[in-house]
Number of protein chains: 2
Amino acid sequence: MKMTGGVEWGLHCCVVLSSATEPVAAAKLAELHDVSATYLAKQLQLLSRAGLVRSAPGQSGGYLLTRPATEITVLDVVEAIDGPQPAFRCTEVRQRGPMAVPPDRCDTPCPIAAVMDTADRAWRESLRAVTIGAIAATVAATTPGELLDRARVWLSA
Amino acid sequence: MKMTGGVEWGLHCCVVLSSATEPVAAAKLAELHDVSATYLAKQLQLLSRAGLVRSAPGQSGGYLLTRPATEITVLDVVEAIDGPQPAFRCTEVRQRGPMAVPPDRCDTPCPIAAVMDTADRAWRESLRAVTIGAIAATVAATTPGELLDRARVWLSA
DNA sequence: TCATTGCGGATAACTTTTGTCCGTGATGAT
DNA sequence: ATCATCACGGACAAAAGTTATCCGCAATGA
Ligand code: FES
Ligand code: FES
């Protein structure tokens, strides 16, 4: 987890896409969020490679979710964009220096690395528990219907 | 959380210091772990500013924990070195672009940011649950006493 | 046929991390 | 008192990672 800024964009795009029936072009998503179109395109390509969204080239092409939004977790999106590597990287300092513990005694992971790994798991578990659909439901419940309609119109315009 | 590499160093140093009665010089800690002495010095200064370790200048000076190792959590060390900022930074994209939600409706945080914040809390909670003392106990229980003795001798040499 | 769109690589600007260096001041050993 | 040892802090430089742009290519549907 390196938590790049693109995660916020990707998450918001997925929420938008969850209420779209026709493909939405990357440029449109970029304009909607007022962010760099070329850079957002890259993030969308990552989502595409991860199999979260489906892309359609050609006129009236664009992006669409591959599954129901309730089957896409926040963790899916985060890992698609930031990669699956944990935030903490153990460099095995214990195997270095004059008091290095011999490699044959390093079959078990360093206790410190174990703690960090447990925390990383808790973090991922927390993100896995929430789906894009749940987030979309929250925004639908907390924003006036008029705004939602305007947004839907703007998207297909 | 940006999870810099110095965290691993700082954590290992704290574990070492937990079984030290006399001050240990930064240069000694660096040699022990075979890492850059000048850079490790910087991390130790961060621990010092956070009040986790106490520094003594002059000959036979060095670092010592300010409290019992069982009262220092892993989170304390991580936040001292990496800072307290959460990994995910919400840039409020929802307030930008043609469909921006008006600021007066942004009294509640974006649901996406809320999810990330919950996950960050879970991560920190997990790190807060483990103390340096607990880690030291684990290494003491899993490494042969002879090695531990040699290390203690080397430290005070 | 052709404009539109996504894909991928190359590239550059920018920021953060990582690491070094040196002068200063404090402390204890001699 | 003197001196070597050590922490401190700032300035600085190298390396890595990020954010962002551009271009040629291939695919698609109007
Ligand atoms: S050796 Fe990497 S965390 Fe201990
Ligand atoms: S506006 Fe920042 S996460 Fe939604």
Side-chain angles (χ1 to χ4, degrees), chain A residues 1-10 13 17 20 22-31 33-66 80-83 85 87-89 91 93 155 157, chain B residues 1-10 13 17 20 22-31 33-66 78 80-83 85 87-89 91 93 155-157:
Chain A
M1 178 229 315
K2 51 195 171 197
M3 206 53 3
T4 66
V7 171
E8 187 181 8
W9 300 4
C13 283
L17 287 179
E22 308 163 9
V24 182
K28 196 143 240 180
L29 287 170
E31 191 189 352
H33 295 112
D34 187 26
V35 297
S36 154
T38 54
Y39 191 37
L40 178 62
K42 283 250 179 293
Q43 320 286 356
L44 290 171
Q45 283 171 28
L46 291 174
L47 294 180
S48 177
R49 266 179 249 176
L52 298 180
V53 302
R54 171 198 184 74
S55 67
Q59 257 177 348
S60 80
Y63 290 96
L64 227 45
L65 296 184
T66 55
I81 293 184
D82 268 359
Q85 335 88 348
F88 180 82
R89 281 175 304 178
T91 59
V93 290
L155 264 188
Chain B
M1 175 228 320
K2 51 199 172 194
M3 207 50 5
T4 66
V7 171
E8 187 181 8
W9 300 3
C13 283
L17 287 179
E22 309 163 10
V24 183
K28 196 143 238 178
L29 286 169
E31 190 189 352
H33 295 112
D34 186 28
V35 296
S36 155
T38 53
Y39 192 36
L40 178 63
K42 282 247 180 294
Q43 322 286 356
L44 290 172
Q45 283 170 28
L46 290 175
L47 294 180
S48 177
R49 266 179 249 177
L52 299 179
V53 302
R54 174 195 183 76
S55 67
Q59 252 177 348
S60 81
Y63 290 95
L64 225 45
L65 295 184
T66 54
V78 169
I81 294 183
D82 267 0
Q85 334 88 351
F88 179 83
R89 280 175 305 176
T91 59
V93 290
L155 264 187
S156 47

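A, B, ... follow the sequence lines: proteins, then strands. Residue 1 opens every chain.
Here dC8(D) presents its P atom at 10 Å from CG of Leu47(B), a figure rounded to the nearest Å. Atoms CG (Asp82(A)) and P (dT18(D)) sit 8 Å apart, rounded to a whole Å. Counting to the nearest Å, the P atom of dT19(D) and the CD atom of Gln43(A) are 8 Å from each other. Remark: C1' of dC6(D) and CD of Gln45(B) are 11 Å apart, rounded to the nearest angstrom. Here the C1' atom of nucleotide dC8(D) and the OH atom of Tyr63(B) are 8 Å apart, to the nearest Å. The OH-C1' distance, from Tyr39(A) to dA12(C), rounds to 14 Å in whole Å. Whole-Å rounding puts the Ile81(B) CD1 to dT17(C) P distance at 13 Å. Between Lys28(A) atom NZ and dT5(C) atom P there is a gap of 9 Å when expressed in whole angstrom units.
With DNA chain D read from its 5' end, the first of the two nearest nucleotides for Ser48(B) and Trp9(A) is the one closest to Ser48(B). Of the two residues near DNA chain D, Arg89(B) and Lys42(B), the one whose nearest nucleotide lies more 5' is Lys42(B).
Nucleic acid contact for Arg49(B): sugar-phosphate only, since backbone atoms but no base atoms lie under 4.0 Å from a heavy atom of the residue. Heavy atoms of Ala27(A) sit nowhere under 4.0 angstrom from any nucleic acid atom. Base engagement by Thr38(A) is indicated by at least one non-hydrogen atom pair under 4.0 Å involving a base atom. Residue-level contact check: Ala41(B) touches neither bases nor backbone, having no heavy atom under 4.0 Å from any strand.
Taking the side chain as every heavy atom from C-beta outward, Ile81(A) and Thr4(A) approach each other to under 4.5 Å. Using a 4.5 Å heavy-atom threshold, the side chains of Val53(A) and Leu64(A) count as separate. Taking the side chain as every heavy atom from C-beta outward, Asp34(A) and Val93(B) never approach each other to under 4.5 Å. A 4.5 Å side-chain heavy-atom check between Tyr63(B) and Gln45(B) finds at least one atom pair inside the cut-off. Residues Leu29(A) and Leu44(A) meet the side-chain proximity criterion, which asks for heavy atoms closer than 4.5 Å.
Closest approach to the Thr4(B) side chain among dT18(D), dT28(D), dT18(C) is made by dT18(C) (side chain taken as heavy atoms from C-beta onward). You'll find that the side chain of Ser60(B) is closest to dG28(C), out of dA7(D), dG28(C), dG6(C). Ranking dT5(D), dG25(C), dG6(C) by closeness to the Ser55(A) side chain, first place goes to dG6(C). Among dC8(D), dG6(C), dC6(D), the nucleotide with an atom closest to any side-chain atom of Ala25(A) is dG6(C).
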